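This one's a predicted model, so the numbers in the text were calculated from it and none came from an experiment. When a residue number appears, it is its place in the shown sequence, counting from 1.
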Amino acid sequence: MKDEPGSHSWQDLLRAFAIEWLLLCALAVLVSLVVTGLRHVEAVRSLDRGVTDGIMRELAKARLAGGQAQNTPRYIFVNVGEETCRLWSEARGEACGSGFVTPRKALASMLRALVGANAGRAAMKLVVLDIELAPQPADSMTDSELCAQTYSVAASIPVLAVRPVVTEVFDPARPIARPQPSIFDDLQCNGHALGSPAAQLWFASPLLQPDPDNVVRSIFAWHQIRSDDATERIAGFGLLGAALAGGVDRDNLACLFPGSRHNPQDTCKAAKPFTLAHHHYDPLADDEAIARILFSLPSDAATSTATGYSYAPFVFQTIEAYELQQRLDETPQLLDGAIVVIGGSYAASGDLHATPLGQRMPGAMVHANAIRAIAAGNFVEEHEGWGWEALLIGIASLIGAIFHVAGHRAHERLRSPFNHLAKLGFAAGSIFLTVLVVFILGAVHALHSLASGTAVAVMSPIIAVAFEGMSSILQVVREALSVALAWVQGIQLRRHAAPQSASTADGRKGSNHE
């Protein structure tokens with residue numbers, strides 16, 4: 001029985017396709033092993049940073065430009081910016097430079113404005129004080145006034161006071177840190193709380209540092225700061241803020257923050273695990289010490305026209321500190337139900353950080369991002385497992401094999417030099433299409449899963465197909481050069497043969513003449 005016409009050609013094509021696909025898959029797996037081992041090399045990390053940062057910026061724009069979600073609080077950033085710093089420093093005969101200390105009277109005035117705005121209106125959800133609260137001996141009376149205003153706000157609204165820390169032993173997993181002194185350590189200041197047993201003043205110390213084990217740049221790791229005494233623990237600042245804004249049991253939180261209790265000597269039951277935004281927290285588990293957050297609130301630097309950001313005022317709004325009272329007079333409902341963050345963004349503050357949404361994000365806005373991310377359960381998880389990478393390898397190898405077989409088919413059917421051009425075009429097209437498809441799939445996957453390691457996962461199949469494609473291109477170029485060289489040599493031989501033929505003919509004519 002004879003085979004049908006063309007059956008061998010299709011069998012040959014399928015065999016060539018299968019061989020090429022398997023070779024590409026094997027090459028991509030080999031590349032994956034190498035890339036995985038090099039994922040902490042700066043060149044690989046920088047690629048992953050760029051991809052993930054771009055994804056985060058798109059998420060931020062989508063969330064800030066969309067409609068207001070139900071039960072989503074607004075964030076108001078009361079900013080001690082360059083203009084506020086200039087006005088306040090000039091009023092004191094100083095310069096807004098390094099070492100400038102925010103005036104106590106100005107801070108007390110802002111807190112007084114918050115108390116007035118909250119009276120008879122919808123209560124603010126949380127007030128975050130990321131401002132200079134260290135004792136100032138020359139301003140003991142104004143320190144006392146600031147303390148009194150703080151407790152006045154805390155009588156009805158949770159107030160979260162940032163206590164900077166000094167790290168004594170650097171260990172990303174279990175750092176030992178000491179909180180810096182604060183005006184709230186003074187007995188005179190604590191006296192203001194005696195008549196306010198319901199005061200909701202909380203303290204926490206964030207340890208802001210880029211996590212060296214994370215492939216994404218500037219995803220701040222929120223560590224639980226552990227002292228050398230295992231019974232004392234200051235939990236992540238973002239976790240505390242999100243818990244206060246989300247209505248977690250305060251008595252349970254007090255066990256995590258002994259410095260936040262009215263009498264730190266009071267005993268309390270052991271801190272119990274709790275759930276916040278569908279994420280389970282166990283205070284005794286070491287793996288809960290780190291939470292990589294998704295940034296979605298840009299700072300002023302990130303909302304400039306240069307980066308094309310736009311944000312909805314009902315989600316995020318910045319108010320210069322010096323004009324807070326004026327804005328409240330114009331819009332009394334401005335702070336209703338909002339999370340108010342008071343901090344500084346002037347250059348001399350030394351509190352500007354690089355994040356995916358900007359190179360100069362104030363520390364107060366980093367806190368706001370942490371609170372919003374933890375309250376919503378938006379975390380950035382490491383890409384783990386080979387399932388997704390294996391799928392990308394299969395897709396990339398499929399594209400490479402199809403173009404490889406098509407290029408050889410075109411090379412067999414066309415004449416020179418078109419056969420070389422066709423094969424060259426198919427090889428280049430396979431590289432271009434592979435890069436485009438794999439990167440789009442990687443970006444879409446990361447966009448929906450919030451997973452880092454995106455670029456690491458897409459590099460392996462792209463490198464494999466690019467390697468094979470470049471090999472095909474070099475082979476075609478070599479074949480074309482060989483054909484061109486043979487053609488040039490043929491022309492030279494014909495030119496050399498022509499004069500010899502003419503000389504022989506002349507010799508014959510001469511002989512005949514003789």
As a quick check of understanding, evaluate side-chain contact (heavy atoms from CB on, under 4.5 Å) for M365 and L297, giving each step before the final call. CA-CA 8 Å; M365 285 308 303; L297 292 174; 4.0 Å; yes

All N/O donor-acceptor pairs, side-chain side in residues 392-406, below 3.5 Å, sequence neighbours left out:
unit_1	atom_1	unit_2	atom_2	d
S397	OG	C25	N	3.4
S397	OG	I393	O	2.8
H404	ND1	E468	OE2	2.9
H404	NE2	E20	OE1	3.4
H404	NE2	H408	NE2	3.4

Under the side-chain contact (heavy atoms from CB on, under 4.5 Å) rule, collect the residues that match up with I19, sequence neighbours excluded. R15, L23

Over all heavy atoms of both residues, which pair between E320 and V80 is shortest? Give the atoms and the distance, please. OE1-C, 4.5 Å

Over all atoms of both residues, closest heavy-atom pair of G343 and A364: CA-CB, 3.8 Å

By side chain to side chain donor-acceptor pair (under 3.5 Å) - contacts of S349 (at least two apart): none

For the CD1 atom of I374 and the CG atom of L240, what is their distance to the nearest 0.5 Å? 9.5 Å

Separation between CG of L22 and CG of L27, rounded to the nearest 0.5 Å: 12.5 Å

What is the minimum heavy-atom distance between D336 and R74, and which atoms define it? O-NH2, 2.7 Å

I need the L433 CG to F426 CZ distance, nearest 0.5 Å. 12.0 Å

What heavy-atom pair brings G337 and P73 nearest, and what distance separates the two atoms? O-CB, 4.1 Å

Please list, chain by chain and in numerical order, all residues satisfying disulfide bond (SG atoms under 2.5 Å apart) with C96, sequence neighbours excluded. C85

Sequence neighbours excluded, the answer for side-chain contact (heavy atoms from CB on, under 4.5 Å) partners of L334 is Q317, I319, R327, L328, T331

Show your reasoning for whether side-chain contact (heavy atoms from CB on, under 4.5 Å) applies to V340 and V78. CA-CA 7 Å; V340 179; V78 181; 3.8 Å; yes

Mind checking what makes side-chain contact (heavy atoms from CB on, under 4.5 Å) contact with A347, not counting sequence neighbours? E82, R360

Looking only at heavy atoms, the pair that brings S345 and P362 closest together is CB-CG, 3.4 Å

Please list, chain by chain and in numerical order, all residues satisfying side-chain contact (heavy atoms from CB on, under 4.5 Å) with V444, sequence neighbours excluded. I440, H448

Rounded distance (nearest 0.5 Å) linking atom CG of D12 with atom CZ of F17: 15.0 Å

Measure the spacing between NZ of K125 and CG of L335 and express it to the nearest 0.5 Å. 14.0 Å

Might you point out which heavy atoms bring D130 and G363 nearest each other, and give the distance in Å? OD2-C, 3.5 Å

If we only count heavy atoms from C-beta on, is the I371 to V128 side-chain gap below 4.5 Å? yes

Ignoring hydrogens and geometry beyond distance, is a side-chain donor-acceptor pair present between T318 and N79 at under 3.5 Å? no

Do I339 and I76 come close enough that some side-chain heavy atom pair is under 4.5 Å? no

Among residues at least two apart in sequence or on other chains, which ones pass side chain to side chain donor-acceptor pair (under 3.5 Å) with S460? S32, E389

Listed partners of E83 passing side chain to side chain donor-acceptor pair (under 3.5 Å), at least two apart: R86

Between the CG atom in L244 and the CG atom in L160, the distance rounded to the nearest 0.5 Å is 6.0 Å

